[in-house]
Amino acid sequence: KVKTGLAQMLKGGVIMDVVTAEQAIIAEKAGACAVMALEKIPADMRKSGQVCRMSDPKMIKEIMAAVSIPVMAKVRIGHFVEAQILEALEVDYIDESEVLTPANWTKHIEKDTFGVPFVCGAKDLGEALRRINEGAAMIRTKGEAGTGDISEAVKHISKIRKEIADYKILLGDETALQIKAAELRVPVELLKTTLENGKLPVVNFAAGGVATPADAALLMQLGCEGIFVGSGIFKSSNPEKLARAIVEATTHYSDAAKLLEVSSDLGDLMGGVSIESIKGSRLAEIGV
Ligand code: PLP
């Protein structure tokens, strides 16, 4: 039931947010494994305060025509008609994303009714397994998009990994497993498989707040299987160089000499906003 094909191919790669065909070409040349086509990058969405919807299909189509790597695009949480439209456009992947304004605050899209694969955000194991149970083929940390602050993404991957390790003790105790599955609101078989394998049954990427090669390598060392970079790259003074550096850092994430090399002389990085300075609700907490 789980659609893992393309996600397995993207594993170990970097998926970059792009708002124009020109940016998509830069991303492809830098070695991105896919691009996320959108109208505004999260740092700008965060500032706008407006309703953020699916991007214009015309713009997504231009990006699809400009590159040969897979193209992803975002729909609002619960907006299954935006997903129908993007499936008709034949995008390679749909991100049901908290970065856009949710269309439904209590119910996500039933993703297993679609042919196109979906990626969804998660902050903990229960959320990840609920999305997988709805049909998500890939999970990403929610992080805190648009901030350039890595701490939320670190928190989310650490929590998912810790819960998987902690609940392992429940294996063999059917009643305890049933209780935990009910608490997480997921089928017991899905929880069991995850605990037996010691990992989610789909690819788990990092997203939200990645701004440097070191950020990407940090999340890979913490157990992520690939990276989404949004605001970081095209908010920096030398996007080509930074994009390539983040790809290199994701590939060679435990090679300190390589990380030193690619972290040097990158120009001005995205300024960012620290988590502590954010007043009001965080994107990662929307709807919870
Ligand atoms: N994340 C976002 C952005 C939401 O809007 C919602 C609510 O639908 C959730 C998570 C909650 O989903 P769940 O309760 O299945 O984790």
Side-chain angles (χ1 to χ4, degrees), residues 1-2 17 36 38 40-43 45-46 48-55 72-83 86 93-114 117-147 149 151-164 166-167 179-191 193-194 200-202 204-209 228 230-231 275 278 280-288:
K1 178 179 153 224
V2 177
D17 282 359
M36 177 75 71
L38 68 178
K40 277 197 205 123
I41 56 175
M45 287 184 181
R46 176 172 277 289
S48 81
Q50 296 168 339
V51 175
C52 297
R53 312 181 178 93
M54 172 187 82
S55 297
M72 303 185 167
K74 291 182 190 290
V75 299
R76 282 175 271 177
I77 286 174
H79 208 314
F80 52 84
V81 174
E82 285 187 345
L86 291 188
Y93 236 93
I94 293 177
D95 183 4
E96 186 180 21
S97 179
E98 68 283 355
V99 170
L100 305 184
T101 313
N104 188 329
W105 292 81
T106 55
K107 195 172 181 314
H108 282 66
I109 297 170
E110 286 173 24
K111 292 164 277 291
D112 48 11
T113 65
F114 286 81
F118 282 75
V119 54
C120 286
K123 302 182 297 305
D124 55 41
L125 181 62
E127 198 173 356
L129 294 181
R130 286 193 291 280
R131 299 294 87 80
I132 293 166
N133 192 45
E134 292 156 0
M138 181 195 267
I139 292 295
R140 52 171 177 73
T141 58
K142 284 185 164 175
E144 190 58 23
T147 59
D149 185 331
S151 63
E152 289 294 292
V154 167
K155 192 195 287 177
H156 301 160
I157 189 63
S158 305
K159 177 131 198 246
I160 291 172
R161 304 269 302 183
K162 184 172 187 312
E163 284 181 286
I164 293 174
D166 287 354
Y167 301 156
I179 291 169
K180 184 53 75 183
E183 186 192 304
L184 300 182
R185 293 179 275 133
V186 297
V188 71
E189 280 311 315
L190 180 57
L191 176 61
T193 312
T194 303
L200 295 179
V202 304
N204 190 356
F205 269 49
F228 282 87
S231 316
I275 291 288
I278 299 172
S281 72
R282 296 193 195 162
L283 293 176
E285 279 162 11
I286 282 175
V288 180

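Both counts, for ligands and for their atoms, begin at 1 and track the order of listing.
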For R131, the atoms of ligand 1 under 4.0 Å from one of its heavy atoms are 12 (O), 13 (P), 15 (O), 16 (O)

- prompt: With a 4.0 Å cut-off on heavy atoms, is R185 touching ligand 1?
  reply: yes

Near K142 (heavy-atom distance under 4.0 Å), the atoms of ligand 1 are 1 (N), 2 (C), 3 (C), 10 (C)

R130 heavy atoms within 4.0 Å reach ligand 1 at atoms 13 (P), 14 (O), 15 (O), 16 (O)

Atoms of ligand 1 under 4.0 Å from any heavy atom of W105, numbered from 1 in the order shown, are 7 (C), 8 (O)

For D17, the salt bridge (charged side-chain N to carboxylate O under 4.0 Å, His left out) test, sequence neighbours excluded, returns none

Atoms of ligand 1 under 4.0 Å from any heavy atom of T106, numbered from 1 in the order shown, are 8 (O)

Numbered in order shown, the ligand 1 atoms found under 4.0 Å of a heavy atom of E98 are 3 (C)

The side chain to side chain contact (heavy atoms under 4.5 Å, CB included) partners of R53 (sequence neighbours excluded) come to V51, R76, E82

**Message:** For H108, is there any backbone N or O sitting under 3.5 Å from a side-chain donor or acceptor partner on E96?
**Reply:** no

Requested in this report: Determine whether T147 and E152 make a side-chain contact, defined as any pair of heavy atoms from C-beta on separated by less than 4.5 Å.
Outcome: no

- Message: Can a donor-acceptor pair be found, under 3.5 Å and without considering hydrogens, that links the side chain of T194 to the backbone of L200?
- Response: no

**Message:** Would the distance check show the side chain of R130 and the main-chain N or O of L184 forming a donor-acceptor pair, the cut-off being under 3.5 Å?
**Reply:** yes

